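Step one of this worksheet: look at the structure below.
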Amino acid sequence: LFRTAGTLDAAFWDELEERLIAADVGAHVTADLITELRARDARRAFASGEDAETALRELLEAILARAGDTGLYLPEEGVGVVLVIGVNGTGKTTTVAKLTRYLQLGGRAPFLIAGDTFRAAAIDQLKVWGDRTGATVFAQSPGSDTAAVVFDGIGAAISRGADTIIIDTAGRLHTKTNLMAELEKVRRVIGRRQAGAPHETLLVLDAVTGQNGLIQAKTFMGSVGVTGLVLTKLDSSAKGGVVFAIAEELRLPIKLVGTGERIDDLQPFDPSEFVRALFS
Amino acid sequence: SLTDRLQGIFGELRNHGRLSEADVDVALKEVRLALLEADVHFRVARDFVKRVRDRAVGVEVSQSLTPAQQVLRIVNEELVETLGGTAGRLDWTGPVPAPILMVGLNGQGKTTSSAKLAVRLRKMGQRPFMIACDTFRPAAIQQLVTLGKQVGCDVYEEGTEASPVEIARRGLEWGRDRGHTIAIVDTAGRQQVDERLMDELVELRQAINPTEILLVASAMTGQEAVNVAQAFHARLGLTGLVLTQIDGDARGGAALSIRAVTGIPVKFLGVGEKIEALAEFHPDRVASRILG
Ligand SMILES: Nc1nc2c(ncn2[C@@H]2O[C@H](COP(=O)(O)OP(=O)(O)OP(=O)(O)O)[C@@H](O)[C@H]2O)c(=O)[nH]1
Ligand SMILES: Nc1nc2c(ncn2[C@@H]2O[C@H](COP(=O)(O)OP(=O)(O)OP(=O)(O)O)[C@@H](O)[C@H]2O)c(=O)[nH]1
Ligand SMILES: [Mg+2]
Ligand SMILES: [Mg+2]
């Protein structure tokens with residue numbers, strides 16, 4: 001389709017495509033990006049590979065910018081509620097702990113609700129983090145009904161004058177309709193117990209995830225609504241490229257990134273740093 | 001689906017006698033796309049498509065199959081062959097208890113799979129127990145102990161103060177004294193780029209000389225599956241892969257990538273969160289899933 005306009009030959013474009021695929025950007029988003037860049041090159045040739053890469057970075061940053069606000073919004077008055085969701089093993093519980101510390105540093109005092117009543121030692125795990133951060137953890141016994149725990153937990157938090165509630169939930173595959181229905185019930189119960197809540201519903205996504213990440217985001221978004229992504233394990237070798245498809249199709253912004261297993265390994269999302277790291 | 005796309009491409013090919021290079025190349029573009037969508041590593045996809053091309057060009061269009069079906073059959077055969085079938089055979093020769101070391105990235109299902117494996121081995125007449133060597137993650141030991149209680153399987157643990165190597169060594173002695181035949185050693189999740197943690201695993205391997213070292217990885221793993229498997233394999237010598245979360249809709253291309261690049265066989269599939277949810281690996285089922 002495209003004549004080789006300037007200095008950039010087919011080998012260059014093939015290599016660029018491979019780097020994007022290798023970063024989990026996905027075949028379709030990659031094809032669109034390469035098509036756009038080659039069209040520009042055809043109109044006015046890039047002087048060098050570096051120039052083409054700079055243009056690519058701009059395109060990627062533009063995709064992220066269109067996804068929306070990366071800020072975390074909790075009300076100034078009344079209790080702010082954060083619901084943390086996602087498929088199994090992505091780092092939800094650890095993220096709840098990190099977010100607790102992050103908000104504490106900003107002057108808030110999060111109250112935690114142990115909403116995973118299913119998995120072995122899930123409540124114990126959150127309680128350890130509660131001890132380490134000094135945050136109160138509300139829990140009932142394993143096997144309790146999650147919606148009931150959340151309902152009672154919010155009541156307990158409010159009666160304590162808590163300014164922030166973070167709700168940890170059990171990992172669940174988005175394909176499990178009963179578990180997604182449970183999550184929808186939890187969401188309804190939250191709204192009923194506290195008007196306007198949850199203020200943030202964060203989908204926790206493992207950076208090593210491939211194209212399934214898009215389906216995860218779509219399904220969770222359609223089910224309970226998602227206000228932002230937490231992209232975890234960016235300290236791995238994974239680039240998390242599936243977030244571009246998520247940004248493009250769902251306008252879902254990344255709000256936070258996890259960069260390790262320790263309490264302070266959580267940072268607000270920096271789009272240009274993320275795009276730069278994609279190519280390092 | 002890939003079948004529909006190929007059917008659309010070959011729709012007009014009704015009357016040709018053989019699959020021409022041009023026909024095959026057009027079809028293989030779709031196959032490559034399907035593999036990438038399934039998270040197959042781009043180099044593995046490229047090599048795979050080359051092999052299929054060699055087998056498909058010039059093939060007589062059979063009377064009973066459409067050209068699309070013809071190409072698909074070759075793709076399927078090649079996929080099943082590559083994924084290859086040393087299904088679920090675990091090795092526990094050597095001194096008892098034979099150690100099985102569970103390793104992998106954070107949150108992939110090692111602890112859950114350890115308990116699942118224990119139950120399966122017991123059904124096969126073995127006397128397995130588990131050793132809790134994750135001294136880092138909060139409540140990791142409690143998680144393994146709870147699972148052990150749920151299935152009536154011994155768990156050896158020493159809390160979080162001792163080192164994983166000490167716990168594993170003493171655990172094996174403890175297990176031997178109690179007549180256990182297999183020790184499933186659960187370890188902390190780690191990233192292969194973390195040299196210190198990879199060194200720790202090498203030390204553990206040298207200390208207990210496992211008969212099996214299983215990489216546990218989620219079916220939703222993307223392109224990094226190759227880098228992860230290669231690193232763990234280079235440092236430890238993996239004997240098998242446990243692919244978890246197959247009960248979701250991730251296509252699982254990581255299985256093909258890992259198998260093709262490292263030769264490691266898929267030994268088990270995690271097919272749910274419950275303890276019974278461990279299945280034997282069947283290449284044909286995983287193949288059709290990868291193709292979508
Ligand atoms: N390297 C790394 N590991 C992480 C990160 N976030 C979480 N983890 C680890 O990932 C593993 C799983 O974390 P959890 O917080 O238990 O994940 P989860 O989503 O709550 O898991 P389930 O509740 O079982 O679905 C643990 O080993 C964590 O220490 C991260 O940013 N980097
Ligand atoms: N749906 C599904 N969930 C699974 C499967 N295997 C494990 N899980 C879930 O995945 C999550 C992580 O499992 P763990 O066993 O804690 O993973 P891990 O590798 O030990 O995690 P770390 O020790 O933190 O590295 C838990 O919520 C498990 O219940 C599976 O085959 N299917
Ligand atoms: Mg959790
Ligand atoms: Mg574990």
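Quick caveat, the model's predicted, so the values are computed rather than measured. Within every chain, numbering begins at 1; the chains are lettered A, B, ... in the order of the sequence lines, protein sequences first and strands thereafter.
- Taking chain B as the reference chain and counting heavy-atom pairs below 4.5 Å, the highest number among A:G26, A:G89, A:A97 is found for A:G89.
- Among A:K127, A:K176, A:K239, the residue making the largest number of heavy-atom pairs under 4.5 Å with chain B is A:K176.
- When all heavy atoms of B:V193 and A:S237 are compared, the pair lying nearest together is CG1-CB, 4.0 Å.
- Contacts of B:D194 with chain A are absent, with no heavy-atom separation under 4.5 Å from either backbone or side chain.
- Using modelled atom types, no side-chain atom of B:D249 and backbone atom of A:N212 make a donor-acceptor pair closer than 3.5 Å.
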Could you go step by step and tell me if B:R137 and A:Q125 meet the side chain to side chain contact (heavy atoms under 4.5 Å, CB included) rule? CA-CA 8 Å; B:R137 168 174 150 159; A:Q125 184 184 6; 3.5 Å; yes

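- For the pair A:G210 and B:D39, the tightest heavy-atom approach, listed with the atom from each and the gap, is CA-OD1, 3.3 Å.
- A:A27 and B:L33 make their closest contact through CB-CD1, 3.5 Å (heavy atoms, listed as atom of the first residue, atom of the second, distance).
- Only the side chain of B:L105 comes within less than 4.5 Å of a heavy atom in chain A; its backbone stays farther off.
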Evaluate the criterion side chain to side chain donor-acceptor pair (under 3.5 Å) for residue pair B:N106 and A:E261; output intermediate values, then yes/no. CA-CA 9 Å; B:N106 302 83; A:E261 299 191 70; 3.1 Å; yes

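- Rounding to the nearest 0.5 angstrom, the gap separating the CG atom in A:N88 from the OG1 atom in B:T244 is 9.0 Å.
- Residue contact with chain A, scored on non-hydrogen atoms closer than 4.5 Å, is absent for B:R43.
- For B:R235, the CZ atom counts as densely surrounded, since its 6.0 Å shell holds more than 12 non-hydrogen atoms of other residues, nucleotides or ligands.
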I'd like to know whether B:Q191 forms a side chain to side chain donor-acceptor pair (under 3.5 Å) with A:D235, so could you lay out the CA-CA distance, the side-chain angles of the two residues, the decisive distance to 0.1 Å, and finally the verdict. CA-CA 8 Å; B:Q191 298 296 330; A:D235 50 310; 5.2 Å; no

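- When all heavy atoms of A:I21 and B:Q223 are compared, the pair lying nearest together is O-CG, 3.1 Å.
- If you measure heavy-atom distances from A:R262 to chain B, the contacts under 4.5 Å come from the side chain alone.
- In plain terms, the two heavy atoms of B:T146 and A:A120 that are nearest each other are CG2-CB, 3.8 Å.
- Salt bridge status for B:R32 with A:E17: present, with a side-chain N to carboxylate O gap under 4.0 Å.
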